[in-house]
Amino acid sequence: MLRQQDVGHRIVVRRIVGIREGRPLFSDALGELVELSETHLTLATAQGPLRVPVAQVHRAKRVPPTRRPTAAAVVALERAADEAWPAPTRGRLGDWLLRSAEGWTGRANSALPVGDPDRPLPAAVDAVERWYAERGQPAIINTPLPLAAPVGAELDERGWTTRPPTLVQTAPLPLAAAGLGRPDAAVVEVVATPSADWLAIAAGRKGGLPDAARHVLTAVGQVRFAHAYVDGTLVAIGRGTVTGEGRWLGLSLIEVLPSARRQGLARRVIGELAAWGGSAGATHAFLQVEQRNTPALALYQSLGFTTHHTYLTRVAPH
């Protein structure tokens, strides 16, 4: 059967759809798993979303993607994502990156173990632990899978814990249906500097904005901040960057205030950032989303995003 680690991946499900002459009738469905609960699973299929009660599932398993990214493609995208979310304090361990940003967000306060650490793996993990201990921070490593599976195995032996999986999703530009469902009352501006109200919404989502956070948000050569207003009030935000030698539009901090949700504002914000990214020369977009964020996954799937790879955030034991 399926596990939470399968969310965001391509699966096939054989389900029971009826009984004939005392024997079950089966139907197969193929698609991306976007939700898995104790009672239901939801697939994003070519025909649209399909919600299947677990009681009707006869068999289900993950299947290979239509095209698996190469190790070089995973490394290139992870490097582009690092450029798009730059930690102010950085170190190197061979090819590995060490990053610190006053504890603001996991991505900016984690090691990225891609490439050769220039020493045996156990010694590399020891060095990561020392680097973060010197800064009074917990040691955190983000392990892209399956690329960093050997690192994950070493961390398992050391008793490191695992946070919920994060999906790295990509889509070609222009995005599918990015401009549909625009609320007539919304005014969206894409500007080079975030307003005080924009920063306040971001702080509410991320639990404050230390000085390091402002560096992470703004210290990118090509960056834009989307502001969506309804009746003069800022109700939705988003951030876009162009990195990876100009190829990748990175989308982050897509946030809609609770009072303004289900009005198409997130789609509108993404569409405006995608238009900017395309005009800046980007050919593809990427984003990072927790696999348990089902509403966001459904939105991104409707815009043409699919899972490129997954990473696990690993935390050293206290």
Side-chain angles (χ1 to χ4, degrees), residues 1-68 145 162-172 175-183 205 236 238 251 254-271 274 285-312:
M1 280 297 291
L2 301 171
R3 301 175 297 169
Q4 286 297 324
Q5 291 92 323
D6 298 311
V7 174
H9 294 273
R10 194 164 174 253
I11 67 166
V12 62
V13 176
R14 172 158 290 187
R15 57 195 175 109
I16 301 170
V17 295
I19 302 292
R20 178 182 296 170
E21 297 178 355
R23 302 181 64 180
L25 300 176
F26 298 104
S27 176
D28 292 341
L30 179 68
E32 185 173 315
L33 181 64
V34 297
E35 180 185 21
L36 179 63
S37 70
E38 294 181 358
T39 59
H40 289 79
L41 59 84
T42 302
L43 284 174
T45 74
Q47 294 74 38
L50 175 64
R51 194 165 186 258
V52 181
V54 170
Q56 294 180 7
V57 176
H58 178 64
R59 290 180 183 173
K61 64 178 182 179
R62 190 190 298 192
V63 296
T66 52
R67 187 170 56 184
R68 185 185 298 274
L145 299 177
T162 305
R163 292 177 180 171
T166 297
L167 311 181
V168 181
Q169 298 201 316
T170 62
L175 298 179
L180 298 181
R182 294 186 175 185
R205 175 174 172 177
L251 297 170
I254 308 300
E255 180 74 6
V256 180
L257 295 183
S259 61
R261 289 174 184 166
R262 302 187 181 279
Q263 299 178 32
L265 286 166
R267 183 183 297 271
R268 176 79 186 277
V269 164
I270 292 171
F286 79 88
L287 52 85
Q288 297 171 329
V289 56
E290 283 194 0
Q291 69 165 25
R292 59 187 177 181
N293 190 347
T294 306
L297 286 171
L299 169 63
Y300 300 148
Q301 191 269 339
S302 74
L303 295 173
F305 283 90
T306 58
T307 298
H308 186 272
H309 64 278
T310 302
Y311 73 77
L312 296 178

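It should be emphasised that the depicted structure is a prediction, and the values quoted were computed from it without experimental measurement.
Residues Thr307 and Gln169 have side chains that bring a donor and an acceptor to within less than 3.5 angstrom of each other.
Here the closest non-hydrogen pair linking Ala274 and Leu175 is CB-CD1, 3.8 Å. Shown here for Leu299 and Arg267, the closest heavy-atom pair between the two residues is CD1-NH2, 3.7 Å. Minimum heavy-atom separation, His309 to Leu145: CB-O, 3.6 Å. Of all non-hydrogen atoms in Leu265 and Ala260, the two that sit nearest each other are CD1-O, 3.4 Å. In terms of heavy-atom proximity, Thr166 sits nearest to Gln288 at CG2-CB, 4.0 Å. Of all heavy-atom pairs spanning Ala171 and Gly304, the tightest one is CB-O, 3.5 Å.
Using a distance-only test at 3.5 Å, with no hydrogens or angles considered, a donor-acceptor pair links the side chain of Arg205 to the main chain of Ile254. Put simply, the side chain of Arg14 never gets that close to the backbone of Asp28: no donor and acceptor are under 3.5 Å apart.
For the pair Phe305 and Leu251, the minimum side-chain heavy-atom distance is below 4.5 Å. The shortest side-chain heavy-atom distance between Phe26 and Ile16 falls under the 4.5 Å cut-off.
Atom CD of Gln291 and atom OG1 of Thr294 lie 9.0 Å apart (nearest 0.5 Å). Rounding to the nearest 0.5 angstrom, the gap separating the CD1 atom in Ile11 from the CG atom in Leu2 is 4.5 Å. The CD atom of Glu290 sits 10.0 Å away from atom CG of Leu297, with the distance rounded to the nearest 0.5 Å.
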Which donor-acceptor pairs under 3.5 Å do side chains of residues 49-61 form with protein atoms, sequence neighbours excluded?
residue, atom, partner, partner atom, Å
Arg51, NH1, His40, NE2, 3.4

